[in-house]
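Computed from a predicted structure; not experimentally measured.
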Amino acid sequence: MSGRFGTLAPSATQEYFRKTGHRLPQNYFGRKLASVLLGPAGGRADRAYDVEVFGTQKARLHPFDNICEKRVYLTPQLWDGAERTVLRDAITACRGAAFSFIDIGANVGLYSLFARAAAASAGVRLAALCVEADPEMAARLRFNVEASGAEQDIALVECAASDSNHRVKFHVDRNSRGLSRVSEEGDLTVTARPLLSILTDAGVERIDAMKLDIEGHEHRALGAFFRDAPATLHPGLIILETSHASNEQSAERLALDNGYRTVLRTARNSVLVRDGQTPG
């Protein structure tokens with residue numbers, strides 16, 4: 001990505017409206033007002049902005065073509081707030097030398113940047129591994145990690161998480177890039193790898209928390225992982241997108257059958273912990 005961080009800063013006027021969006025209530029009225037503020041904040045323009053996120057991290061956000069980037073740009077309080085609270089509490093409760101976080105379908109790395117900010121606040125080191133199949137999203141993620149000086153804390157594997165080693169078609173949704181997915185209708189071909197293989201090659205020996213958001217492919221990736229991975233590698237906490245799941249292919253059901261219980265369910269996600277553990 002061209003240009004160092006800071007060269008695409010919002011104007012003073014755009015920053016005023018962006019910060020106004022940060023103060024909106026976390027309810028229906030807040031979401032409605034956000035749509036009014038998005039234009040003056042610059043979020044409808046076909047361009048990116050360099051901003052600080054989660055208090056201490058840096059990111060180049062593209063609010064015009066990616067929902068999570070748009071929300072973190074204007075209304076971070078409206079982006080997965082309950083899920084991130086559980087993750088923050090788990091990081092705060094960490095007793096190890098580092099908090100191990102695996103981000104499957106990492107998009108531009110916002111969950112990992114949030115985890116890094118939470119870890120710094122708690123005095124804990126973050127060891128994060130991001131897995132992202134979309135080359136454009138991987139490039140954005142890499143820029144954000146470098147801008148934040150997080151290369152020692154956040155690693156990237158550029159592939160799709162699945163149940164075997166193969167090549168898959170990948171559909172890029174250029175209107176909302178977070179909805180890009182493995183699909184036979186895809187215009188790209190990417191490498192797919194089993195989740196266990198990705199983790200093994202990265203030297204991951206323990207997972208405190210794992211987030212999976214791979215647009216309906218969660219069941220396939222997680223099923224192979226639970227089948228093949230030793231119990232010692234099963235995450236303590238799972239944040240799982242469930243909005244695409246059918247009853248017949250529910251990744252949440254897989255987790256429940258493998259010793260997890262649901263502690264939070266939102267419109268898009270479920271958060272689960274291993275039996276015998278508390279969320280944070």
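We find the CD1-CD1 distance between Ile198 and Ile102 to be 10.0 Å, quoted to the nearest 0.5 Å. Summarising the geometry, atom CG belonging to Leu110 is positioned 6.5 Å from atom CG belonging to Asn144; distances are rounded to the nearest 0.5 Å. Of the inter-residue distances, the one linking Leu61 atom CG with Arg47 atom CZ reads 11.5 Å to the nearest 0.5 angstrom. Rounded to the nearest 0.5 angstrom, His217 NE2 and Phe170 CZ are separated by 10.5 Å. For the atom pair NE2 (His171) and CD (Glu185), the distance works out to 7.5 Å, reported to the nearest 0.5 Å.
Looking only at atom types and distance, the side chain of Tyr111 has no donor-acceptor partner in the side chain of Asp213 under 3.5 Å away. With 3.5 Å as the limit, one finds no donor-acceptor pair spanning the side chains of Asp65 and Asn175. Between the side chains of Ser180 and Glu215, no donor-acceptor pair of N or O atoms lies under 3.5 Å. Looking at Thr75 and Arg71, their side chains never bring a donor and an acceptor atom within 3.5 Å of each other. If you check the side chains of Glu69 and His62, you find a donor sitting under 3.5 Å from an acceptor.
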Applying side-chain contact (heavy atoms from CB on, under 4.5 Å), run through Phe101 and Leu129 and close with a yes or a no.
CA-CA 6 Å; Phe101 178 58; Leu129 178 67; over 6 Å; no

Give the intermediate values and the outcome of side-chain contact (heavy atoms from CB on, under 4.5 Å) for residues Ile207 and His234.
CA-CA 7 Å; Ile207 303 173; His234 291 186; over 6 Å; no

Could you go through the side-chain contact (heavy atoms from CB on, under 4.5 Å) check for Val51 and Arg18 one step at a time?
CA-CA 10 Å; Val51 296; Arg18 190 176 79 90; 3.7 Å; yes

Kindly determine whether Arg174 and Asp187 satisfy salt bridge (Lys or Arg N to Asp or Glu O under 4.0 Å), including the steps that lead there.
CA-CA 12 Å; Arg174 289 176 172 80; Asp187 47 2; 3.3 Å; yes

What do the steps show when you test Phe226 against Tyr260 for side-chain contact (heavy atoms from CB on, under 4.5 Å), and what is the final call?
CA-CA 12 Å; Phe226 280 136; Tyr260 288 80; 3.7 Å; yes

Evaluate Arg227 against Asp163 for salt bridge (Lys or Arg N to Asp or Glu O under 4.0 Å), listing each step before the verdict.
CA-CA 10 Å; Arg227 182 191 68 215; Asp163 57 352; over 6 Å; no

Could you go through the side-chain hydrogen bond (donor to acceptor under 3.5 Å, both in side chains) check for Arg116 and Ser148 one step at a time?
CA-CA 10 Å; Arg116 186 171 187 256; Ser148 296; 5.0 Å; no

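Salt-bridge formation is detected for the pair Arg265/Glu252: a Lys NZ or Arg NE/NH1/NH2 atom is positioned less than 4.0 Å from an Asp or Glu carboxylate oxygen. The residues Arg268 and Glu241 are annotated as salt-bridged, a charged nitrogen and a carboxylate oxygen being separated by less than 4.0 angstrom. The pair Arg177-Asp173 does not meet the salt-bridge criterion, since no charged nitrogen lies less than 4.0 angstrom from a carboxylate oxygen. By the 4.0 Å N-to-carboxylate-O rule, Arg142 lies close enough to Glu158 to be salt-bridged with it.
Within the 4.5 Å cutoff, the side chain of Leu87 has heavy atoms near those of the Ile239 side chain. When side chains are defined from C-beta on, Leu113 does not count as touching Val108, because their heavy atoms never get closer than 4.5 Å. At least one side-chain heavy atom of Leu195 sits less than 4.5 Å from a side-chain heavy atom of Ile104.
Under the rule for a side-chain contact (heavy atoms from CB on, under 4.5 Å), the partners of Asp275 that lie at least two apart in sequence or sit in another chain are Arg261. Considering only residues two or more places apart in sequence or on other chains, Phe54 meets the ring-ring contact (aromatic ring centres under 6.0 Å, His included) condition with Phe114.
Although no hydrogens or angles enter the test, the distance criterion places a donor-acceptor pair under 3.5 Å between the side chain of Lys211 and the main chain of Gly105. For Tyr49 (side chain) and Ala59 (main-chain N/O), no donor-acceptor pair under 3.5 Å exists by modelled atom type. Remark: the backbone N or O of Ala127 is not paired with any side-chain donor or acceptor of Asp153 at under 3.5 angstrom.
Counting side-chain heavy-atom gaps under 4.5 Å among Ile, Leu, Val, Met, Phe, Trp and Tyr, Leu78 is found in no cluster with other residues.
The residue from Thr262, Thr85, Val86 that alone fulfils the side chain to side chain contact (heavy atoms under 4.5 Å, CB included) condition with Val271 is Val86.
Sparse packing is recorded around CD of Glu205, with 12 or fewer heavy atoms of other residues, nucleotides or ligands lying under 6.0 Å away.
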